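For reference, the structure is listed below as structure tokens.
Numbers here are sequence positions counted from 1. The shown structure was predicted, so the numbers you read here are calculated from the model rather than taken from an experiment.
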Amino acid sequence: MREMRWWDIDAVLALEKALFPEDAWSRGMFWSELAHSRGPEATRRYVVAEAPGEGGARIVGYAGLVASGEQGDVQTIAVARERWGTGLGARLLTELLRAATAFECSEVMLECRVDNVRAQKLYERFGFEPIGFRRGYYQPGNVDALVMRLADPAAPVSMAGTAPEPSPADPPDSSLPPDPSHRADPANGVQGPETHG
């Protein structure tokens, strides 16, 4: 796990398009997010997860968070399909919550497709609670988003310094949708084609 940098964008875009073909972020969106992720005025934290592969390490997951005042917003969490169920989604979320704590956020929000039970179980393990819906949030499928809130982002991270372990009965986790303010047509795929979210 490491900070996402500009040279990762091509690999991240390939994974983004594979997981979210209908509403994949553009190269420009990732550039814009990374432009706000470094320096004293940084308001974003983006990370990638790498795994060994032929020809060197390859990106198998990524995640991003934006901080605005005391509120953090999970923008995206994505995990390569072959890594679903390995706990990588939980590790990525843990990293985002560490970032929210560093940004001094008192709460973290996210949106999740209402039909993405896998992602909801992941977030619930971290203490996120549903607080409402956004009707038709994911387009073009017109799927509603479940809005979830975590009141204390430091709490899950402080539990032995790691993410809550997945229950063997839980279905595999994968990923999340970016915020619509950063996405042209949020629709699909947490993130995965069944759901960004």
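- The OG atom of Ser106 sits 10.5 Å away from atom CG of Leu150, with the distance rounded to the nearest 0.5 Å.
- Put simply, the side chain of Tyr62 does not reach to within 4.5 Å of the side chain of Val47, judged on heavy atoms.
- Taking the centre and axis of the six-membered ring of Phe133, the NZ or CZ atom of Arg135 falls inside the cone set by 45° and 6.0 Å.
- Put simply, CG on Leu34 and CG on Asp8 are 8.0 Å apart, with the number rounded to the nearest 0.5 Å.
- Counted by atom type alone, Asp73 and Gln75 present zero donor-acceptor pairs between their side chains at under 3.5 Å.
- Side-chain contact annotation: Glu3 with Tyr46, donor-acceptor N/O pair under 3.5 Å absent.
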- Residue pair Trp84, Val79: steps toward the side chain to side chain contact (heavy atoms under 4.5 Å, CB included) verdict: CA-CA 7 Å; Trp84 288 7; Val79 174; 3.8 Å; yes
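- Here Arg58 does not pair with Glu50 in a salt bridge; the nearest charged N to carboxylate O distance is not below 4.0 Å.
- The closest side-chain heavy-atom distance from Met148 to Glu124 is below 4.5 Å.
- Between Arg149 and Glu129 there is no salt bridge, since none of the side-chain N atoms of the basic residue sits less than 4.0 Å from a carboxylate O of the acidic one.
- Contact check for Leu15 versus Lys17: no side-chain heavy atoms found under the 4.5 Å cut-off.
- At a threshold of 4.0 Å, the pair Arg98-Glu95 counts as salt-bridged, since one of the basic side-chain nitrogens sits closer than that to a carboxylate oxygen.
- With rounding to the nearest 0.5 Å, the separation of CZ in Arg91 from CZ in Arg83 is 8.5 Å.
- Summarising the geometry of Leu19 relative to Ala78, their closest heavy-atom pair is CD1-CB, 3.7 Å, with the distance given to 0.1 Å.
- Salt bridge Arg27/Asp10: present, at least one basic N to carboxylate O contact under 4.0 Å.
- Side-chain heavy atoms closer than 4.5 Å link hydrophobic residues (I, L, V, M, F, W, Y) into clusters, and following such links, even through other members, never connects Met109 to Val66.
- Residue Leu93 holds its CG atom at 9.5 Å from CG of Leu65, rounded to the nearest 0.5 Å.
- For the residue pair Pro153 and Leu97, the shortest heavy atom distance occurs at O-CB, 3.7 Å.
- Classified by interplanar angle (parallel below 30°, tilted 30° to 60°, perpendicular above 60°), the ring pair Trp6/Trp31 is parallel.
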